[in-house]
Protein chains: 2
Amino acid sequence: MNSSKTPSSSPEASSPESSENGVEGGRRRATINDIARLAGVSKKTVSRVINQSPFVRDETRERIEAVIAEWGYAPDPQARGLAFRRSFLIGMIYDNPNPQYVVNMQLGLLDGMRGSGFELVVHPCNRASPTFLQDVRSFVERQKLFGVVLPPSVSEDERVAKLLNEIGCSYIRIASVELDKPEHMIVGHDRMGAAAAAQHIVGLGHKRIAFISGPESFRSSHERRGGFEDGLAESGLKLTENDIVQGAYTFESGVACGDVLLARTPRPTAIFCGNDEMAAGVLQSARKAGLSVPQDVSVVGFDDFQIAQAVWPPLTTVHTPTREIGKMAAEKLIGVERREPRDMTKTEPSLVVRESSGPVPV
Amino acid sequence: MNSSKTPSSSPEASSPESSENGVEGGRRRATINDIARLAGVSKKTVSRVINQSPFVRDETRERIEAVIAEWGYAPDPQARGLAFRRSFLIGMIYDNPNPQYVVNMQLGLLDGMRGSGFELVVHPCNRASPTFLQDVRSFVERQKLFGVVLPPSVSEDERVAKLLNEIGCSYIRIASVELDKPEHMIVGHDRMGAAAAAQHIVGLGHKRIAFISGPESFRSSHERRGGFEDGLAESGLKLTENDIVQGAYTFESGVACGDVLLARTPRPTAIFCGNDEMAAGVLQSARKAGLSVPQDVSVVGFDDFQIAQAVWPPLTTVHTPTREIGKMAAEKLIGVERREPRDMTKTEPSLVVRESSGPVPV
DNA sequence: CTGAAAGCGCTTACAG
DNA sequence: CTGAAAGCGCTTACAG
C-alpha cells in the first residue's frame, strides 16, 4: 500500500538525494535571528516589524527594515504558520467543468493575492462523492488553510458553508445570488446580463423567442432565466412554459435542445442560451437543419468564453468578468484595503454583440 | 504601501476575528504527543512510523498505527516541513496560454499526487518579465517547495533548470524532446503524432500540402514540423520552404495564415496546423473565402482540445494525453513506485479522424 | 529496536 | 516602546 496519507519520501526510508541537498549554491537564507542580531534588537521586535505592529519606535523600525532589505530577508511562511496555527495558503475548491472559467478564476485570485505572501492551492472536487464533505474538511484542517474561495456550484452547497463555519475557516462564496452574509459573498449579477440580452433580442424585433436553460441544480440557471424574463417583461413580452427547454450547460445538450426548438412550427426566430457551450451546440444544430444564423434564427449565449469567438458565426453573448470577480474574492478574503473605492461596474456582466444575432426574418 | 511582502493580516495590526477563532467546533486535533502518550511510546517512535522507518518492531508499529487510525491523526505538514526544511508543496510553474492545457495538466498532477499528502500550488508566470528568474527563485525558496513541474514553454528555459539545480530543488520538465537527464524529463513524442497526421493526409491522396508552424520559440513547433516531414518522407513527399507558413499558435494567426495559403494558385489541398487553435482559424479563413472543408481543402490540427469538436466541421487532429502526462510527472517527482510497469502507449499522441479531412478534390 | 534533548523559524503571553 | 522565556508540532543527531 503506497496510499499512506503522508508523503512517502522520508529521510529514514530511502532518499538517495538527501545528502547532496545540504550543499546548495550560495549562503544560507537569513532568519529572524540574523536580522535581530544585525539590527541590534530582539527577535520579538523584528517580529513586530514583520507584522506591522504599531508598537515600534520609528527609528527602530527603519533600522530593522534597512537590514531586512539589505539581506533580502523574508520570513519563513512555514514557521510563521506553525506559530500562528494557520498557514498562508488560500484554497480554491471547485467543481466547475469549464477550463476557461477555472483558469480565469485562478488568475483573478492570484491577481488579488499578488505581493501578499499568500499562495494558491487548487482543489478540484466532486460534490456527488460520498466522501466530499470529509475531503473538504481534511483538506482545510490539515493545511490549516488561511481561507478558501468557493466558485459555483460548490459555493451553492450549504453543507460546505456550514462546515467551514464550524471549523472556523474563512471563506468567500462566489455566486449569482446573495446566499450568505455580505462578508462571505461576491455576487455576479447574472440577472443584469440576461436582461440586457433580452433587450437586445427584443430590440431586433423578435417575438417568437425561446430560452435554453442550464441545469436546475445551478443557481445561475435560475438567475439567467429570471433576468431574461425581466428583460422581456419590460417590453411586455413573456416566456410560456413551452418556450423554455432544459439543457445541461454542455455543447451536446445545446445540440439536442436546438434540434427540438428548430423543428417546431412556427420556429422561434431567436434563442437565448444559458451559456456559450449550449449556444455553440445550437449553431451546430442549425447547420444540420440547413438554417442560417442569424438570417433564419438568432442565437445568443452567456459567458463570452473563447468558444464564443471560435465558432461561426461568432456569438453575441454576455461577457462575465470572471477574472475581476476572482480578484475581488481574494482581496476580500485576505482583507486588502483598497485605495480607490470598488468600481462595481467592473464586475457587472455586459452584452457583447457579434454576428450570431440579427433582425427578425421577414 | 500595502505591497509588503508578508501577509498583512497580523495579530497585532488589527484582526477583529482572531478572538473568535479559538472557539472552534469540536475538540483539538491530535498531535504526535497525544499519539505517543496514548500508545505508550516516545514521539520519536511515532515519528518513525509516520516516516515508514524500518527500525520499529512490528508489534510496536501496529499498536501505534491503531491509535493513529482511531484518532484520525494526520501529522501537521507545516511542522513536519519546518523540521524537514522542505515543504510538502508541489509547484506548477507555467506560461502556457491554453486554458484546456493548463486545467488538464493540473488535473493530471493532482491524479499523480492523490493520497500522497502533497498539495499543488499554481504559479503562472511571464518568461519575458525582467524579474522572471528572481520570481521563480523566491517562490521556490520561500515556500521551500518539495519540487516543481515545468510544462512548456517554461520547461524549455535552460535558465530555469540551471537555477533549480543551483538551489537544490527537484523538478520535472515536460517537453516534446529530451532536454535534460531522464530523471528530470517527461517527453511528449510530438513527432509521432505529427507523423501520423502526415500519413493520414498522404493516404487521402493529397500532394499539395501546406504546414502552418507554431512560433519558433516553442520546441513543439519544431518537433511537430519535423515529425510531419518525417511522415511525408515515408511516402517520398517533402515540404518546400514555400509550403511552410509561420503562425503563433493562436486562432488569429490561423486565420491570417489561412488567408495567405488559400489565396495561392494552385491552392494547397491539405493544411496541417501546429495546433487546434490555428486549425480553427483556417476553418474561419476558408469560410470567408467561400471554400468548403474538406471538399475544397482538408484541415488537420494538433492537441484535440475542446475547440476541435466545437467548430464546424469537427477537426481531424492529434490527441495528446496531457492529463496522463501530468500524472506521470507528479509520480516521478514524488517518487511513487508503480505496481504495473508504465504503459508508454498511454502517453503517446494518437490521430483522431473527424470530418475536416477528406479525399483530395478532383 | 527505542528514547531524551535540542532545534527548525517563527509568535504568544508576560514582564518591564 | 522593548525583551527573555516558552511553545507551535514535528525531526535530527546522539545515545543506549
Side-chain angles (χ1 to χ4, degrees), chain A residues 6-7 9-13 15 18-19 21-22 28-37 39-64 68 73-88 117 141-144, chain B residues 6-7 9-13 15 18-19 21-22 28-37 39-64 68 73-88 117 141-144:
Chain A
T6 53
S9 15
S10 64
E12 284 183 289
S15 40
S18 61
S19 59
N21 268 344
R28 185 177 57 87
R29 286 187 66 199
T31 72
I32 196 172
N33 287 306
D34 300 322
I35 303 300
R37 186 165 28 78
V41 296
S42 75
K43 56 203 264 195
K44 173 57 201 169
T45 301
V46 177
S47 175
R48 286 198 179 87
V49 171
I50 293 170
N51 291 298
Q52 303 173 82
S53 161
F55 307 115
V56 181
R57 218 193 324 162
D58 282 351
E59 189 200 332
T60 312
R61 175 189 308 282
E62 281 161 23
R63 182 151 37 96
I64 294 172
I68 288 178
Y73 167 71
D76 180 332
Q78 226 153 198
R80 224 151 94 85
L82 184 60
F84 264 142
R85 293 166 186 70
R86 189 175 189 181
S87 75
F88 297 102
E141 289 194 329
R142 277 195 68 178
Q143 301 300 324
K144 300 211 286 291
Chain B
T6 54
S9 15
S10 64
E12 284 184 291
S15 40
S18 61
S19 60
N21 268 346
R28 186 177 56 88
R29 286 185 67 198
T31 72
I32 196 172
N33 288 306
D34 300 321
I35 302 301
R37 185 165 28 77
V41 296
S42 76
K43 56 203 265 196
K44 173 58 201 168
T45 302
V46 177
S47 176
R48 287 196 179 87
V49 171
I50 293 171
N51 291 297
Q52 303 174 83
S53 161
F55 307 115
V56 181
R57 217 191 327 160
D58 282 350
E59 189 200 332
T60 311
R61 176 189 306 283
E62 281 161 23
R63 182 151 38 95
I64 294 173
I68 288 177
Y73 166 72
D76 181 331
Q78 226 153 200
R80 224 150 93 86
L82 183 60
F84 265 142
R85 294 165 185 71
R86 189 176 190 182
S87 76
F88 297 102
E141 288 194 329
R142 276 195 68 178
Q143 302 300 323
K144 298 211 289 290

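Numbered from 1 within each chain, the chains take letters A, B, ... in sequence-line order.
Base pairing in DNA chain D yields stems of at least 3 consecutive Watson-Crick or G-U pairs, both distances under 3.5 Å, namely C:1-3 with D:14-16, C:5-12 with D:5-12, C:14-16 with D:1-3.
Taking 4.5 Å as the limit, some side-chain heavy atom of Ile64(B) sits within range of a side-chain heavy atom of Thr60(B). Taking 4.5 Å as the limit, every side-chain heavy atom of Val46(B) sits out of range of all side-chain heavy atoms of Val49(B).
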Chi angles and distances behind the side chain to side chain contact (heavy atoms under 4.5 Å, CB included) call for Arg61(B), Arg48(B): CA-CA 9 Å; Arg61(B) 176 189 306 283; Arg48(B) 287 196 179 87; over 6 Å; no
Full working for side chain to side chain contact (heavy atoms under 4.5 Å, CB included) between Asn51(B) and Arg80(B): CA-CA 10 Å; Asn51(B) 291 297; Arg80(B) 224 150 93 86; 2.6 Å; yes
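Of the possible donor and acceptor atoms, none in the side chain of Ser87(A) sits under 3.5 Å from a partner among the backbone N and O of Gly81(A).
Asp76(A) has a carboxylate O that lies under 4.0 Å from a charged side-chain N of Lys144(B), or vice versa, which qualifies the two as a salt bridge.
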Distances under 3.5 Å between protein N/O atoms and the N/O atoms of nucleotides 4-9 of chain C, please, pair by pair.
residue	atom	partner	partner atom	Å
dG9(C)	N2	Ala79(A)	O	3.3

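Atoms NZ and OG, from Lys44(B) and Ser53(B) in turn, are 7.0 Å apart once rounded to the nearest 0.5 Å. Note that OG of Ser47(B) and CD1 of Ile35(B) are 13.0 Å apart. Values are rounded to the nearest 0.5 Å.
Listed pair Thr45(A) / dG3(D) meets the phosphate criterion, a side-chain N or O lying under 4.0 Å from OP1 or OP2. Proximity of Thr60(B) to the phosphate of dT2(C): a side-chain N or O atom is located under 4.0 Å from OP1 or OP2.
To the nearest angstrom, C1' of dG3(C) lies 14 Å from CZ of Arg57(B). Remark: P of dC14(D) and CZ of Phe55(B) are 16 Å apart, rounded to the nearest angstrom. Between the C1' atom of dC1(D) and the CZ atom of Arg61(A) lies a distance of 11 Å, rounded to the nearest Å. Atom P of nucleotide dG3(D) and atom CZ of Arg37(A) are separated by 15 Å, given to the nearest angstrom.
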